[in-house]
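For reference, the structure is listed below as structure tokens.
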Amino acid sequence: MRVGEVAERAGVNIETLRYYERRGLLPAPQRAPSGHRRYDEETVRFLRAIKEAQAVGFTLAEIAEYLRAARRSTAPSETLRVRTAAKIDDIDARVAALRRMRDELARVVGCACSSLDHCTCGAAYLARQGKEPAMRPPLLHVTNGESAGNTLRQTAIGGAVLPWQDALHEGPVPALPRQELLRTRARFLADCGWGRQQALLSSLERRDQQLLEALRDDLQVVLWFEHDLYDQLQLLDALALAHTAQAAPELIVIGSFPGQPSFAGLGELTASELETLWPSRRRAEPAALQAAASAWAAVQAPEPTSLAEWATRETTHLPFLASALQRLLEELPAPTDGLSGTERRALDVIASGARTPPAAFVAAQRLEDAPFLGDTWFYRTLSALGQDTSRLVETDDGTPLPPPPPLSDGQLFARLQLRLTASGERTLRGEADRVELLGIDRWIGGTHITPDNTWRWHPTKRKLVRPSRR
């Protein structure tokens with residue numbers, strides 16, 4: 001083939017082909033008696049391979065380095081192995097970022113808002129070029145997330161919907177001024193792979209601003225939440241913020257629904273079913289706001305002693321709070337094995353035959369009185385148990401677990417085959433301690449749990465165990 005035909009079939013222009021030749025990527029071609037360069041099918045395949053490598057992120061310099069190494073030896077050098085492994089990590093990060101972008105686009109597509117003028121979804125802010133609504137609707141619904149929010153938008157109730165959207169049972173929630181707390185949360189969520197820190201911070205700031213402005217402008221604000229830990233922490237956060245504004249929103253907080261014996265949340269209700277809850281709303285009494293502010297301070301405290309008091313105290317104004325806070329305290333290491341409640345359930349279901357992360361997640365949720373955990377947070381727990389030589393969980397081929405999504409490819413993570421290690425089996429039997437095997441560095445509200453500050457919670461006795469001072 002002549003140069004023009006090769007370039008056309010490979011999808012490059014002639015100057016690109018000659019540039020590759022000058023850089024040494026392509027060997028010098030043979031020439032016909034007339035002096036014209038002559039190419040064959042291998043050249044076409046090679047050019048396509050270069051373009052494919054570039055498409056997934058390899059630079060020409062990296063491709064050239066690989067070719068030089070391949071020509072020198074039948075096996076790639078250790079340096080090249082390391083660089084190629086790093087490139088795989090980079091590609092995995094890009095895949096995870098694309099999945100996050102896809103999830104956000106899906107959230108926008110799924111938004112059922114009737115008007116972009118006052119909606120809080122991403123499409124609305126894009127349409128308004130980032131500006132706040134010119135006319136604020138007289139009613140603001142605050143929900144735990146987009147599932148219930150989108151159904152609310154389909155009801156005849158009207159108003160705008162504001163999802164609170166923060167998994168406050170994960171990561172640091174220390175007692176800091178509000179702006180510093182939001183920065184801390186944004187940093188944590190960004191480190192977990194949920195987006196850029198500044199974008200997350202802007203979203204949290206905008207959320208707070210919308211609630212406070214609605215309350216200060218005396219708009220009707222209704223908080224829609226459920227009985228589980230995820231919702232109850234968001235409810236405390238929102239009510240404590242309302243308390244600072246000396247304003248009282250209305251509440252719809254439920255733990256069951258007629259005709260649904262296994263009620264799992266507002267998100268599973270239809271628009272007409274949500275409408276039946278509307279007459280049950282009640283304005284938050286001053287005692288409820290004060291209780292929420294005090295309980296929120298206990299969640300944020302550097303020691304969980306006040307949190308334990310709230311977990312064993314029935315509160316008329318917040319009827320689901322005590323059981324939710326007990327479940328939060330179960331995330332502290334247990335005195336017998338060092339496992340959190342989620343970790344113990346994870347090991348238990350894997351030992352019982354759940355072989356993949358999704359299967360383990362579904363089985364573990366069935367063991368919860370009030371399921372609250374999303375699958376990606378469960379995968380984060382699995383990944384933490386699957387690290388280091390003392391790991392409690394591993395893949396069937398005996399390797400550690402990769403980082404959890406969205407820090408890695410969620411589809412690949414979901415296909416992992418899991419098994420307990422010998423250490424995992426011993427820990428599940430209470431013969432070993434998870435903290436001693438793997439160490440620990442996590443937050444439960446405002447309490448930073450480390451090997452030197454290992455607060456523990458006895459789930460059956462409902463009792464705190466103070467750290468043993470070394």
Side-chain angles (χ1 to χ4, degrees), residues 1-30 37-110 122-123 126 190-200 357 376 379 383 395 399 401-416:
M1 287 177 283
R2 305 248 325 242
V3 63
E5 184 181 354
V6 170
E8 182 179 358
R9 291 183 58 187
V12 301
N13 60 51
I14 294 174
E15 290 304 315
T16 298
L17 189 152
R18 288 175 175 162
Y19 176 68
Y20 289 170
E21 289 179 350
R22 291 197 299 272
R23 290 201 58 161
L25 293 173
L26 284 177
Q30 295 181 350
R37 293 180 174 91
R38 306 295 293 177
Y39 302 89
D40 54 18
E41 286 290 341
E42 288 187 1
T43 305
V44 175
R45 289 194 293 269
F46 186 60
L47 285 170
R48 288 173 177 168
I50 291 176
K51 298 307 291 182
E52 288 174 2
Q54 285 183 296
V56 296
F58 282 91
T59 65
L60 286 178
E62 290 169 332
I63 296 169
E65 180 182 5
Y66 176 81
L67 291 173
R68 285 194 297 271
R71 289 164 184 160
R72 287 196 304 266
S73 170
T74 57
S77 68
E78 184 60 28
T79 299
L80 187 60
R81 288 182 186 275
V82 171
R83 291 189 180 181
T84 304
K87 181 58 67 173
I88 291 173
D89 290 341
D90 179 56
I91 292 171
D92 286 344
R94 295 186 187 192
V95 169
L98 286 170
R99 292 194 182 280
R100 288 195 302 272
M101 187 180 298
R102 185 193 183 282
D103 290 343
E104 178 62 21
L105 291 172
R107 187 174 75 87
V108 171
V109 169
L126 186 63
D191 290 343
C192 291
W194 291 105
R196 293 185 303 108
Q197 181 177 333
Q198 186 54 51
L200 290 164
T376 49
Y379 297 163
S383 181
T395 65
T399 58
L401 301 190
L407 294 174
S408 67
D409 188 330
Q411 292 184 353
L412 293 178
F413 194 93
R415 290 198 293 268
L416 295 174

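Taken to the nearest 0.5 Å, the CD1 atom of Ile50 stands 5.0 Å off from the CG atom of Leu25.
Looking at residues two or more places apart in sequence or on another chain, you find no side-chain contact (heavy atoms from CB on, under 4.5 Å) involving Ala49. For Asp191, the side-chain contact (heavy atoms from CB on, under 4.5 Å) test picks out Arg187, with sequence neighbours left out. When the salt bridge (Lys or Arg N to Asp or Glu O under 4.0 Å) test is applied to Glu8, no partner is found at least two apart in sequence or on another chain. Partners of Arg38 under the salt bridge (Lys or Arg N to Asp or Glu O under 4.0 Å) rule, at least two apart in sequence or in another chain, do not exist in this structure. With sequence neighbours excluded, the residues forming a side chain to side chain donor-acceptor pair (under 3.5 Å) with Arg9 are Glu41, listed by chain and number. Residues passing the side chain to side chain donor-acceptor pair (under 3.5 Å) test with Ser383, sequence neighbours excluded: Gln387. A search for side-chain contact (heavy atoms from CB on, under 4.5 Å) contacts involving Ala190 returns Gln197, Leu200, not counting sequence neighbours. In this view, Thr16 and Asn13 satisfy the side chain to side chain donor-acceptor pair (under 3.5 Å) rule, not counting sequence neighbours. Looking at residues two or more places apart in sequence or on another chain, you find a side-chain contact (heavy atoms from CB on, under 4.5 Å) between Thr43 and Val6, Leu26, Tyr39, Asp40, Leu47.
When all heavy atoms of Pro405 and Phe413 are compared, the pair lying nearest together is CD-CG, 3.7 Å. Across all non-hydrogen atoms, the minimal contact from Leu407 to Cys192 is CG-O, 3.5 Å. Taking each heavy atom of Arg415 and Leu412 in turn, the nearest pair found is NH2-CD2, 2.8 Å. Closest approach of Ala10 to Val44, counting heavy atoms only: CB-O, 4.2 Å.
Between Pro402 and Asp409, the closest side-chain pair of non-hydrogen atoms is not below 4.5 Å. Using a 4.5 Å heavy-atom threshold, the side chains of Leu60 and Tyr20 count as touching.
Sorted by first and then second residue, the salt bridge (charged side-chain N to carboxylate O under 4.0 Å, His left out) pairs involving residues 46-56 (not counting sequence neighbours) form an empty list.
The number of heavy-atom neighbours closer than 6.0 Å to CZ of Arg2, taken from other residues, nucleotides and ligands shown, is 12 or below.
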